[in-house]
Number of protein chains: 2
Amino acid sequence: MTPQTHLREQIARLARLDAATGWVGDLNPTQRAAISYLARANRFSRSPSHLSGYLGTTRGTVSQTLKSLLQKGYVTEQRSETDKRVISFELTDRGQKIAETPTPLDAVLKELSDEDQQSLQHILSRAMRRVLAQNQGPEFGPCRTCVYHSRGEAGSECSLLSVALTKQESDQICFEQVSA
Amino acid sequence: MTPQTHLREQIARLARLDAATGWVGDLNPTQRAAISYLARANRFSRSPSHLSGYLGTTRGTVSQTLKSLLQKGYVTEQRSETDKRVISFELTDRGQKIAETPTPLDAVLKELSDEDQQSLQHILSRAMRRVLAQNQGPEFGPCRTCVYHSRGEAGSECSLLSVALTKQESDQICFEQVSA
DNA sequence: TGCAATAGTATCGAGTCGCTACTATATGCG
DNA sequence: CGCATATAGTAGCGACTCGATACTATTGCA
């Protein structure tokens with residue numbers, strides 16, 4: 001077995017074990033991942049299409065996932081005014097609470113030294129960028145790191161969509177984001 | 001969002017994207033994980049129970065997974081002589097071929113610097129040990145790193161099960177393994 | 001000998017997931 | 001303008017995962 005395969009198995013196993021032990025209430029791992037995404041994504045990026053891009057699955061599957069989250073009261077949906085094909089989802093208080101609940105893996109990662117956490121962060125980001133380049137998928141990074149992000153006097157702005165951004169919004173992730 | 005949550009999401013997303021893009025033929029991610037495990041586990045550790053311990057799932061689920069792999073010709077099963085409750089699975093040539101096929105994530109990890117690969121290895125191992133300690137599950141490390149492993153003149157031996165081990169077997173993983 | 005522990009399986013219901021087919025809306029081009 | 005094409009989302013199918021529960025067969029211990 002190559003060292004890369006060993007690494008890959010470790011990553012997969014960590015994710016799997018966290019998913020297995022991290023069930024909260026009636027949410028399976030995918031449903032929880034969807035909630036995590038909605039908690040981080042900005043208002044332009046909370047549609048089924050974007051979620052499927054982030055999760056690496058199809059729109060059909062995501063549609064089902066969101067339908068069940070809707071039925072269980074974790075999210076609400078709203079059709080866009082400007083483009084009537086688009087639906088934007090939002091977390092309810094109940095969903096927000098789930099997003100803020102740490103998993104067993106969170107606790108373990110917190111116990112690592114700051115140095116280890118930073119290295120891990122950097123190495124995983126590098127790997128992630130390469131995977132995404134291979135998939136030709138968007139990065140979903142935060143606005144503040146984007147080439148279209150410009151800091152004005154009264155706040156920041158997205159020069160691509162021509163909208164003002166609050167400080168909070170600059171930290172949210174966006175499907176259009178391109179690392180500067 | 002805490003930095004740990006960000007790390008956890010990166011791990012989960014990498015695993016998810018690899019699973020999504022890494023379909024080989026008619027095998028889903030779990031089925032592939034099962035094949036990877038069987039390729040690495042020694043002859044004492046290739047039963048449904050051990051696989052379920054490794055994957056963090058239940059015996060019932062694993063039983064189904066192995067049944068479908070059996071039907072599709074990736075594995076064969078054999079009842080143990082000594083304990084007639086136990087079934088040991090083995091990869092067919094077809095299964096072996098799958099285990100040796102690298103995934104997209106393998107390729108990406110290979111492009112990382114040797115230093116990054118080593119750091120990642122160490123940090124993930126540390127995290128894994130803590131997760132397993134929390135779950136009270138076995139490590140499934142290779143025999144050669146085990147407290148019960150003793151190197152004799154003609155080869156190595158497992159002092160727990162009292163069996164001689166070939167060089168190859170010392171590199172396989174075992175459900176009884178306890179890091180020295 | 002008898003009873004608890006263990007290994008594995010069957011079955012159920014909810015859900016994932018790729019796939020194909022479908023509807024509705026938007027957009028580009030002649 | 002009008003029509004073709006692209007895009008957003010959904011419905012339904014079949015294979016499968018997964019937790020849960022209930023079950024059989026075998027083993028081990030008191």
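Protein chains get the first letters and strands the later ones, always in sequence-line order, with residue 1 at the start of each.
- Straight-line distance from the CD1 atom of I87(A) to the P atom of dT7(D): 18 Å, rounded to whole Å.
- One distance of note links OG1 of T2(A) with CG of L7(A); it measures 8.5 Å at 0.5 Å rounding.
- Closest approach to the K67(A) side chain among dG9(D), dA11(D), dT9(C) is made by dA11(D) (side chain taken as heavy atoms from C-beta onward).
- The separation between R59(A) atom CZ and dC22(C) atom P is 15 Å, rounded to whole Å.
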Hey, what are the protein-to-nucleotides 15-17 of chain C N/O distances that come in under 3.5 Å?
unit_1: dG15(C); atom_1: OP1; unit_2: K72(A); atom_2: NZ; d: 3.2
unit_1: dG15(C); atom_1: O3'; unit_2: N28(A); atom_2: ND2; d: 2.7
unit_1: dG15(C); atom_1: O3'; unit_2: Q31(A); atom_2: NE2; d: 3.4
unit_1: dT16(C); atom_1: OP1; unit_2: T65(A); atom_2: OG1; d: 3.2

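- A search for ring pair (Phe, Tyr, Trp, His ring centres under 6.0 Å) contacts involving Y54(A) returns Y37(A), F140(A), not counting sequence neighbours.
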Would you list the protein and nucleotides 27-29 of chain D atom pairs, both N or O, that sit under 3.5 Å from each other?
unit_1: dT27(D); atom_1: OP1; unit_2: K84(B); atom_2: N; d: 2.9

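- One finds the CG atom of L69(A) at 5.0 Å from the CD atom of Q31(A) (value rounded to the nearest 0.5 Å).
- For the pair Y74(B) OH and dC16(D) C1', the computed distance is 14 Å after rounding to whole Å.
- With sequence neighbours excluded, no residue satisfies salt bridge (Lys or Arg N to Asp or Glu O under 4.0 Å) with E157(B).
- Shown here are the salt bridge (Lys or Arg N to Asp or Glu O under 4.0 Å) partners of R130(B), two or more places apart in sequence or in another chain: E111(A).
- Scanning for side-chain contact (heavy atoms from CB on, under 4.5 Å) contacts around K84(B) gives an empty result, with sequence neighbours left out.
- The end-to-end axis angle of the helix from dT1(C)-dA30(D) to dG30(C)-dC1(D), rounded to 10 degrees and based on five pairs per end, is 20°.
- Across the protein-nucleic acid pair, L69(B) atom CG and dA15(D) atom C1' stand 13 Å apart, rounded to whole Å.
- Remark: P of dT10(D) and CG of L66(A) are 8 Å apart, rounded to the nearest angstrom.
- L51(B) places its CG atom 11 Å from the P atom of dT17(D), with the value rounded to the nearest Å.
- Judged by distance alone, the side chains of D93(B) and Y74(B) never bring a donor and an acceptor atom under 3.5 Å apart.
- Of the N and O atoms on the side chains of S88(B) and E77(B), not one donor lies less than 3.5 Å from an acceptor on the other residue.
- Looking at residues two or more places apart in sequence or on another chain, you find no salt bridge (Lys or Arg N to Asp or Glu O under 4.0 Å) involving R94(A).
- Positionally, the nearest nucleotide of DNA chain D for S88(A) lies more toward the 5' end than for the other of G56(B) and S88(A).
- A sub-4.0 Å separation between OP1 or OP2 of dG9(D) and a side-chain N or O of S49(A) is present.
- Put simply, OG1 on T65(B) and CG on L27(B) are 11.0 Å apart, with the number rounded to the nearest 0.5 Å.
- By the side-chain contact (heavy atoms from CB on, under 4.5 Å) test, T58(B) is found to be paired with T61(B), residues two or more places apart in sequence or in another chain being considered.
- Partners of R129(A) by salt bridge (Lys or Arg N to Asp or Glu O under 4.0 Å), not counting sequence neighbours: none found.
- Atom CD of residue Q78(B) and atom OG of residue S47(B) lie 13.5 Å apart, to the nearest 0.5 angstrom.
- For residues 89-101 of chain A, proximity to DNA chain D is found at no residue, defined as any non-hydrogen atom under 4.0 angstrom from a strand atom.
- The side-chain contact (heavy atoms from CB on, under 4.5 Å) search around Q172(B) returns N42(B), R46(B), E169(B), not counting sequence neighbours.
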